[in-house]
Amino acid sequence: MNRYLGIDYGSAKIGIAITDPLRIIAQEYTVIFTKENKKYLATIKDICIEKKIELIVLGLPINMDGTIGFQAQEVLSFKHKLECLGLKVVTNDERLTTKMAEETMHYLNMSKKEIALKSDAKAAALILQNYIDYI
């Protein structure tokens, strides 16, 4: 079985998570810093090839009232770029995942620096886990 990859997209950082081969558990994989890695789309495609990714689950930041705002429009544009690379992408509601990720990491007594560096990958894992739990 091929894996799924989860993405928490941001203009400065992109959190990446990957499922196990049976697609039961999502776990944090990495954070791509887009200012340092201008070829982040190629990096994502390389990860997909290396890890045999069948599907990308992209977090969609829907507003609390259910509407699509500016940030969600950016994510949908990013989705289109991924699809142009030949990758299969679905979106999944990501409301409050970054907040949940940060709270979980704080509860685990992680430093503010660790939380800042890793919360996007944790949020990607939450987005991905939510998707695989309910498909």
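- Between T91 and K79 there is a side-chain heavy-atom pair separated by less than 4.5 Å.
- Considering every non-hydrogen atom in both L128 and L5, the closest pair reads CD2-C, 4.0 Å.
- With hydrophobic clusters built from ILVMFWY side chains whose heavy atoms lie under 4.5 angstrom apart, Y40 shares a cluster with I16.
- Residues L85 and I44 have side chains not in contact (no heavy-atom distance under 4.5 Å, counting atoms from C-beta outward).
- Taking 4.5 Å as the limit, some side-chain heavy atom of L82 sits within range of a side-chain heavy atom of I7.
- Taken from CD1 in I132 to CZ in R3, the straight-line distance is 11.5 Å, to the nearest 0.5 Å.
- Judged purely by atom type and a 3.5 angstrom limit, T19 has no side-chain atom pairing as donor or acceptor with the backbone of A26.
- A heavy-atom distance below 4.5 Å is found between the side chains of I47 and I18.
- Taking every heavy atom of both residues into account, Y9 and Q71 meet most closely at O-NE2, 4.1 Å.
- By the 4.5 Å heavy-atom criterion applied to side chains, I135 and Y4 are counted as neighbours.
- V90 is listed as a side-chain neighbour of Y131, based on a closest heavy-atom distance under 4.5 Å.
- Considering CZ of R23 and CG of N2, their distance stands at 7.5 Å, rounded to 0.5 Å.
- In terms of heavy-atom proximity, E28 sits nearest to A125 at N-CB, 3.9 Å.
- Distance check: N63 CG to I68 CD1 gives 7.5 Å after rounding to the nearest 0.5 Å.
- For the atom pair CG of N92 and CD of Q129, the computed distance is 11.5 Å after rounding to the nearest 0.5 Å.
- Counting heavy atoms from C-beta on, the side chains of N37 and K39 come closer than 4.5 Å.
- Linking ILVMFWY residues whenever their side-chain heavy atoms come closer than 4.5 Å, directly or via other members, leaves Y29 and F33 in distinct clusters.
- Across every non-hydrogen atom of E94 and I127, the tightest pair is OE1-CD1, 3.4 Å.
- With hydrophobic clusters built from ILVMFWY side chains whose heavy atoms lie under 4.5 angstrom apart, L126 does not share a cluster with V89.
- V75 and P61 get closest at one heavy-atom pair: CG2-CD, 3.6 Å.
- Residues L41 and F78 come closest through the heavy atom pair CD2-CE1, 3.6 Å.
- From L60, atom CG reaches atom CD of Q73 across 9.0 Å, with rounding to the nearest 0.5 Å.
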